[in-house]
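A quick write-up on the structure given underneath.
Along the sequence shown, residues carry numbers from 1.
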Amino acid sequence: QVALVESGGGLVQPGGSLRLSCATSGRIFSIYTVAWYRQAPGKKRELVAAITAESRTNYAESVKGRFTISRDNAKNTVYLQMNSLKPEDTAVYYCFLPQVNEWGQGTQVSVSS
């Protein structure tokens, strides 16, 4: 089983930035696609961004140009750099490994003035 631990969430003003981290243990991390999802209160969980083992990326339309997903396999970590944050980005952000159906515990991101 893969253990996923997210960190880096917090409260930020609109226009600000945060960097989320998803750290893993237990497996060879580099072979997995890693995705970030988010879930806002009263809404369905949605895909934010994903990165394959070959570092191909894809993004939700709502975050394109503002968020960047990257990975450091030597550190067994995937990052989500979030810039130009908006109040509608407020959600719990989850790390997910689709190939093993493994979720992290989530980290709260709040964007408010």
TODO: Name all residues meeting the salt bridge (Lys or Arg N to Asp or Glu O under 4.0 Å) criterion together with Glu61; count only those two or more places apart in sequence or in a different chain, and write none if there are none.
DONE: Lys64
Open item on the list: Between Thr77 (side chain only) and Lys75 (backbone N and O only), is there a donor and an acceptor less than 3.5 Å apart?
Closed with: yes
TODO: For residues Val92 and Thr107, determine if any side-chain heavy atom of one lies less than 4.5 Å from a side-chain heavy atom of the other.
DONE: no
Open item on the list: Between Gln105 and Val5 (side chain of the first, backbone of the second, donor and acceptor by atom type, cut-off under 3.5 Å), is there such a pair?
Closed with: no
Open item on the list: Would you say the rings of Tyr93 and Trp36 are close, in the sense that their centroids are separated by under 6.0 Å?
Closed with: no
Task: Side chain to side chain, Leu85 and Leu18, heavy atoms closer than 4.5 Å - done: yes
Task: Between OG1 on residue Thr68 and CG on residue Leu80, distance to nearest 0.5 Å - done: 8.0 Å
Task: Same apolar cluster: Tyr79 and Ile69, side chain cutoff 4.5 Å - done: no
TODO: Please name all residues satisfying ring pair (Phe, Tyr, Trp, His ring centres under 6.0 Å) with Tyr94, sequence neighbours left out, ordered by chain then number.
DONE: none
Task: Nearest heavy-atom neighbours spanning Ala91 and Ala40 - done: CB-N, 3.8 Å
Task: Side chains of Ser112 and Pro87 in contact at under 4.5 Å (non-hydrogen atoms) - done: no
Task: Contact check, side chains of Ile31 and Gln99, non-hydrogen atoms, under 4.5 Å - done: no
TODO: Please determine, by modelled atom types, if Ser17 and Asn83 share a side-chain donor-acceptor pair under 3.5 angstrom.
DONE: yes
Pairs of donor and acceptor atoms involving the side chains of residues 41-51, under 3.5 Å and at least two apart or interchain, shall be tabulated with distances.
| residue | atom | partner | partner atom | Å |
| --- | --- | --- | --- | --- |
| Arg45 | NE | Gln39 | OE1 | 3.3 |
| Arg45 | NH2 | Gln39 | OE1 | 3.4 |
| Glu46 | OE2 | Arg38 | NE | 2.7 |
| Glu46 | OE2 | Arg38 | NH2 | 3.2 |

Open item on the list: Please check: side-chain N/O of Glu6 versus main-chain N/O of Cys95, any donor-acceptor pairing under 3.5 Å?
Closed with: yes
Open item on the list: Using side-chain heavy atoms (C-beta onward) and a distance below 4.5 Å, is Tyr32 in contact with Thr52?
Closed with: no
Task: Separation of Leu11 CG from Gln108 CD (nearest 0.5 Å) - done: 9.5 Å
Open item on the list: Does any part of the side chain of Phe96, heavy atoms only, come nearer than 4.5 Å to the side chain of Asn101, both counted from C-beta?
Closed with: yes
Open item on the list: Do Asn73 and Arg71 pair up side chain to side chain, a donor and an acceptor below 3.5 Å, judged on atom types alone?
Closed with: yes
TODO: Treating Ile, Leu, Val, Met, Phe, Trp and Tyr as nodes and any side-chain heavy-atom pair under 4.5 angstrom as an edge, say whether Leu20 and Val111 lie in one connected cluster.
DONE: yes
